[in-house]
A.B. asks: 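I have a structure here, written as structure tokens, and I will follow up with some questions on it.
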Amino acid sequence: MTPIFNSTSWMMRQVIYALALGVMAAYYFFGWGVLLQIVLGVVTAIAVESAFLALRGRDVISSISDGSVVLTAILLAISIPSIAPWWVIVVGVSFAIIFGKQLYGGLGNNPFNPAMLGYVFLLISYPLQMSTWQIDFLSLSQALDVVFDLSNIDVISGATKLDEVKNGLSLAGSIQQLDLHSPSQAWINAGFLLGGLYLLFRKVIFWQIPAAFLAGIVISSILLSVSNTDLYLPTQNHLMLGGTMLGAFFIATDPVSASTTPKGRIIYGFLIGVLIVIIRTFGGYPDGIAFAVLLMNMTVPLIDSFTQPKVFGR
Amino acid sequence: MADYSFNGGIVISNPYPVDKVEIIQAPLPKKVTIPLQQRIGERAKPCVSVGDYVLTGQVIASTKDSFGVFIHASVSGVVLSINEQVIPHKLGLKSQCITIESDGKDKWIDNSGCGIDFLHCSAQTMIDYIQKSGIVGLGGAGFPTHAKLGKIKQCHTLIINGTECEPGVMCDDALMQLHPREIIRGVEILLHICGAKRAIIAIEDDKQAAYQALLMFNHNDRISISQIPTKYTSGAEKLLIKALLGVEISSGGFAVDRGIACQNVATTKAVFDAVVDHKPLVSRIVTVTGSGVKPNNFEVRLGTSFKSLISMASPNQKAHDYRMGGMMMGVDVADIQAPICKITNAIFVNNHIHKPAIQECIRCGQCSEVCPVGLLPQQLYWHAKSENIEKAINYNLFDCIECACCDYVCPSHILLANYFSFAKALNKQQTREQDRINIARERFEFREYRLERNKLERVQMMADKKKALKEKMAKEQSQKQKIAKAMQRVQQAKDKKNDTNI
Ligand code: SF4
Ligand code: SF4
């Protein structure tokens with residue numbers, strides 16, 4: 001009836017395009033492993049989703065073409081270490097799609113963010129594989145070797161900055177003695193930030209969640225570091241380390257599992273930001289985005305019912 | 001410029017723009033078919049018979065219902081039939097209609113109204129003329145104008161709605177450009193009827209020609225002309241009032257209760273004709289637009305078939321998608337033999353539209369962003385779909401104006417507004433059923449009560465009778481005793497006398 005200016009697949013495609021900058025930055029620093037994980041994830045996602053849709057007697061092509069599983073796979077693939085063995089992403093994506101989405105009835109019905117569910121599952125089941133990141137650029141053959149465990153090559157690997165902070169702090173005793181400098185993470189975050197701004201510009205996502213998310217991080221980290229500059233990470237590092245920008249613009253904004261009212265989005269985003277800082281600071285895991293998002297996913301029905309907008313004339 | 005606005009709504013420019021807005025006089029139709037059922041009120045009763053000769057403007061059906069309006073012949077000619085005919089409806093329903101074959105002469109009845117110096121007429125006389133001329137809201141609502149005007153008390157502001165109800169519709173724009181004088185005079189008539197201090201004509205800011213035309217003819221300082229931003233749904237009465245006056249009419253409330261009266265510009269022009277010349281409503285301006293025709297406005301006689309009107313707008317071969325009303329709130333019409341009615345403001349004729357597949361809701365919230373009423377369409381949809389109407393009502397289902405803004409932006413192409421009208425209908429049905437059950441229960445309870453009462457009454461009656469009988473017996477007894485005593489006394493006296501005599 002009306003001129004169609006968007007569709008679910010259009011929206012998903014925009015999100016995928018917007019991820020490109022950050023992915024390119026990651027590729028620049030870490031090489032082919034990044035892309036390999038994405039390919040593995042996407043292929044697995046399509047296979048698993050198709051199988052499930054076929055089992056449920058749904059139209060496979062039209063559901064796959066909405067792009068949502070591809071997006072889930074990409075988000076998970078860029079959240080895990082690019083040198084993780086191939087089965088990690090395969091298991092993670094399968095889990096995300098089966099338990100995070102299909103068992104709830106497919107697109108639109110899942111209360112949790114599937115990618116984050118898959119991530120947490122992996123983190124708990126395979127902590128070693130999930131915490132080893134490489135330091136330098138890998139060529140295609142090197143990446144294939146590592147990911148598929150073809151031959152024994154040595155990759156210089158290590159922990160992420162946030163991990164280092166956690167471990168280093170217990171040894172050094174003061175933030176100031178640590179090297180918080182990480183150009184790779186800063187650039188990747190910058191890439192996702194730009195991509196996120198693009199999404200805002202195209203009106204694919206609303207401003208409330210990312211703005212409140214970042215505000216939550218900024219405010220709570222300032223409060224902490226004011227209380228003790230030696231112990232707590234400064235705000236700018238919170239913003240530029242780990243998956244902050246990816247989380248703010250691409251993960252917390254997943255429409256299906258996020259709050260849907262304008263006020264609700266602010267509360268939802270803000271509390272995710274606060275939780276991230278708390279988990280990073282006091283929790284056992286280095287980056288708290290997945291946990292924070294899943295925790296807040298649970299509160300969405302409550303938030304939504306308390307933040308209904310004012311109805312005209314009422 | 002209006003200073004106030006409301007949230008939501010969408011900006012859609014005319015999808016089928018024209019260089020110059022005009023009104024083409026459609027040739028006299030050979031045959032007109034006029035439905036007797038108006039939008040609301042009871043169906044009018046024909047007062048002509050098959051074979052009668054009627055004049056243009058002659059009353060052919062009337063009703064005593066206060067919401068009813070008179071129905072007039074829109075051409076002169078012979079009544080061909082009074083029977084069931086197709087009406088504009090998405091299922092191609094039929095309804096009672098009068099069909100008149102035109103004699104091609106267009107002979108009018110003699111009529112005279114208040115004349116151009118109408119101020120000597122009383123408001124009631126004017127309202128009578130309006131009712132007798134069959135005027136209803138021509139913006140699409142079809143509410144009888146006399147009934148609306150009759151309800152107005154202590155009106156301070158009259159709003160004339162010159163915002164085109166929907167993108168693509170141009171009939172009001174054309175009317176304002178080409179008949180500004182009649183509209184301004186019509187506003188003066190309405191001011192006279194409802195006694196308001198001032199009138200505001202609201203025009204969207206993309207209709208500069210219409211604005212200028214009205215401005216030029218307006219010499220009345222009680223009438224002002226206000227431009228409002230071009231945004232879909234600003235034509236909705238309550239939203240328009242909000243945009244113009246900043247007054248928010250409460251949910252379930254009416255503008256008239258706040259002393260505000262609203263009329264559409266086309267209705268205003270019809271009021272002018274009705275009051276000044278007592279000229280009944282026999283024609284209207286219809287926009288014919290869409291990808292399948294050359295868009296234009298036509299002044300047509302009511303009862304002309306969609307088909308013959310569309311044929312005047314040079315339809316192309318591929319055109320076969322028909323919709324009455326606008327692209328947002330209109331309804332698809334199954335059979336284009338259906339006649340143009342008073343509320344037919346536009347016909348959209350499109351080449352086949354590829355309707356995109358409907359997908360699952362992804363809770364993106366785009367729909368609540370555009371809802372001008374501030375609803376959460378996605379939640380409503382959720383409950384409407386599962387027929388949990390009670391929940392939907394909690395989410396203010398009945399505040400939905402079915403503007404379809406939410407449909408327009410939904411990336412999953414869900415026809416949300418359809419669900420909402422369905423849910424409302426379902427609820428009406430349920431309440432009707434509940435009413436029926438209630439009535440039946442009340443009847444039953446009343447019967448029980450009546451039986452019980454009868455029984456009690458019978459018992460009481462018996463008791464009363466018994467008591468009466470007893471009393472009677474007692475009375476009789478005492479009488480007997482009295483008599484006996486008297487007799488005794490007499491006897492004693494007799495005896496005494498006898499004794500003394502001895
Ligand atoms: S716009 Fe459509 S897909 Fe988005 S929340 Fe509303 S109903 Fe769901
Ligand atoms: S149709 Fe109803 S729910 Fe949808 S935008 Fe219009 S008023 Fe809101």
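Given the structure is predicted, the values throughout are model-derived calculations rather than measurements. Convention: sequence-line order gives letters A, B, ...; per-chain numbering from 1.
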A.B. asks: Measuring heavy-atom distances to chain A, does B:S412 have an atom under 4.5 Å in its side chain, in its backbone, in both, or in neither?
C.D. replies: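 Looking at B:S412, backbone and side chain both touch chain A.
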A.B. asks: How close do A:P309 and B:G374 get, counting heavy atoms only, and between which atoms?
C.D. replies: CG-O, 3.4 Å
A.B. asks: Does atom OH of A:Y198 have more than 12 heavy-atom neighbours, drawn from other residues, nucleotides or ligands, at distances under 6.0 Å?
C.D. replies: yes
A.B. asks: Please rank B:L239, B:D321, B:N7, B:D332 by heavy-atom pairs under 4.5 Å with chain A and give me the top one.
C.D. replies: B:L239
A.B. asks: Considering only heavy atoms and a distance below 4.5 Å, find which of B:K242, B:E248, B:Q379 pairs most often with chain A.
C.D. replies: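 When all of B:K242, B:E248, B:Q379 are compared, B:E248 has the most.
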A.B. asks: Flag yes if more than 12 heavy atoms outside B:K424 fall under 6.0 Å of its NZ atom; otherwise flag no.
C.D. replies: yes
A.B. asks: Report the distance from atom CD1 of B:I362 to atom CG of A:D254, rounding to the nearest 0.5 Å.
C.D. replies: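 Here the rounded value is 8.5 Å.
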A.B. asks: Can you check whether B:R363 reaches A:D304 side chain to side chain, under 4.5 Å on heavy atoms?
C.D. replies: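 With C-beta onward as the side chain, the pair touches.
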A.B. asks: Tell me the closest heavy-atom pair linking B:H413 and A:S7, and the distance in Å.
C.D. replies: NE2-CB, 3.5 Å
A.B. asks: What distance do B:N396 atom CG and A:Q308 atom CD have between them, rounded to the nearest 0.5 Å?
C.D. replies: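 Nearest 0.5 Å value for the CG-CD distance: 7.0 Å.
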A.B. asks: Near A:L55 CG, under 6.0 Å, is it more than 12 heavy atoms from other residues, nucleotides or ligands?
C.D. replies: yes
A.B. asks: Enter the distance from B:L376:CG to A:T307:OG1 here, rounded to the nearest 0.5 Å.
C.D. replies: 8.0 Å
A.B. asks: Hey, could you give me the CZ/CD distance between A:R58 and B:E360, rounded to the nearest 0.5 Å?
C.D. replies: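 These two atoms lie 6.5 Å from each other.
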A.B. asks: Is there a side-chain contact between B:Q359 and A:L107 (heavy atoms, below 4.5 Å)?
C.D. replies: no
A.B. asks: Which region of B:C361, side chain (C-beta onward) or backbone (N, CA, C, O), has a non-hydrogen atom less than 4.5 Å from a non-hydrogen atom of chain A, or is it both or neither?
C.D. replies: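 Looking at B:C361, just its backbone touches chain A.
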A.B. asks: If I measure from the heavy atoms of chain B, does A:N109 come under 4.5 Å with its side chain, its backbone, both, or neither?
C.D. replies: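 The answer is the side chain of A:N109.
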A.B. asks: Does the side chain of A:F312 reach to within under 4.5 Å of the side chain of B:D399, using non-hydrogen atoms?
C.D. replies: no
A.B. asks: Counting heavy atoms not belonging to A:F306, are there more than 12 under 6.0 Å from its CZ?
C.D. replies: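 No, the 6.0 Å shell around CZ holds no more than 12 heavy atoms from other groups.
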A.B. asks: Are A:M11 and B:Q366 packed together at the side-chain level, in the sense that at least one heavy-atom pair is separated by less than 4.5 angstrom?
C.D. replies: yes
